[in-house]
Amino acid sequence: MRYAIVSDVHANLESLTAVLARIAEDDEVLCLGDLVGYGPNPNECTDLLRARVSACVLGNHDVAAIDNFGLETMNPAAREAIVWTQSVLGAEQAKWLDGLGYEVRTEEFLLVHGAPVNYFTYILDKAAAAEAFSATDAQLVFVGHTHIADYYSLDGEGRLEHGHRQQGGTLALEPDKRYIVNAGSVGQPRDLNPEASFLFYDPEARSVVWERAAYPIARVREKIIEAGLPDYLAARLGAGR
Ligand code: ZN
């Protein structure tokens with residue numbers, strides 16, 4: 001049994017379709033939030049994920065779209081995209097998103113959008129990772145939110161390590177270490193690799209494998225412009241930042 005973990009789809013139907021095509025039918029799909037916001041297809045992406053995931057947590061853009069939460073702290077382009085999302089989001093899709101929780105905990109792992117307990121905190125450095133490790137006793141935490149594919153590990157002596165996986169790659173999980181693993185972003189990568197990021201987690205092999213999927217970025221850029229969403233949101237897809 002293998003998990004496929006996706007995050008930060010951000011209403012990008014083309015990148016989500018490319019990623020789902022790489023996931024096997026018997027893989028269990030987990031989603032780390034931010035299904036909507038920024039992109040032009042919030043309903044289609046919510047429908048696809050709703051039909052496919054076995055667990056999903058709320059992202060800050062999802063909460064903003066259904067409840068205006070945190071809207072005032074967003075940058076102007078993000079805020080404009082949330083207002084647009086609210087104008088097109090179907091009642092069914094909004095209701096499903098509204099039913100999601102902030103965390104999913106199993107015996108093996110914890111799923112949160114940004115960080116344990118402080119769900120929308122960005123883990124961008126070792127200090128933030130140390131705080132996140134101390135906020136939970138989970139051995140394995142999967143996060144998204146930064147749109148950067150990477151991980152932090154903590155050993156029994158309190159040594160913290162950081163590894164980048166922006167070009168894909170693997171991580172062998174050691175039994176005496178704890179991990180915070182970031183799946184990167186399906187729909188708006190910001191780690192200078194414009195291809196969609198996602199990962200596979202195999203609990204028996206104790207491995208995490210990040211992958212990148214090419215998708216028709218130009219088509220999504222056109223759709224963003226056609227929808228009247230900010231040009232900046234189209235431009236950044238090609239740059240992967
Ligand atoms: Zn996001």
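Ligands are counted one by one from 1 in listed order, and the atoms in each one are counted from 1 as well. This structure is a prediction, so every number in the text was calculated from the model and none was measured.
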State plainly whether the residues K95 and E92 are in salt-bridge range, i.e. N to O under 4.0 Å.
no
For residues 161-195, which residue pairs pass the ring-ring contact (aromatic ring centres under 6.0 Å, His included) check, not counting sequence neighbours?
Y152-H162, H162-H164
Quick check against the 3.5 Å criterion: does N60 have a side-chain atom that pairs as donor or acceptor with the backbone of D34?
no
Please determine if R22 and D27 form a salt bridge, counting it only when a charged side-chain N lies under 4.0 Å from a carboxylate O.
no
Please round to the nearest 0.5 Å and tell me the distance separating atom SG of C31 and atom CZ of R50.
14.0 Å
Give a yes or no on this: more than 12 heavy atoms of other residues, nucleotides or ligands lie within 6.0 Å of atom CD of E108.
yes
Protein N/O/S atoms under 2.8 Å from the Zn ion (ligand 1): how many?
4
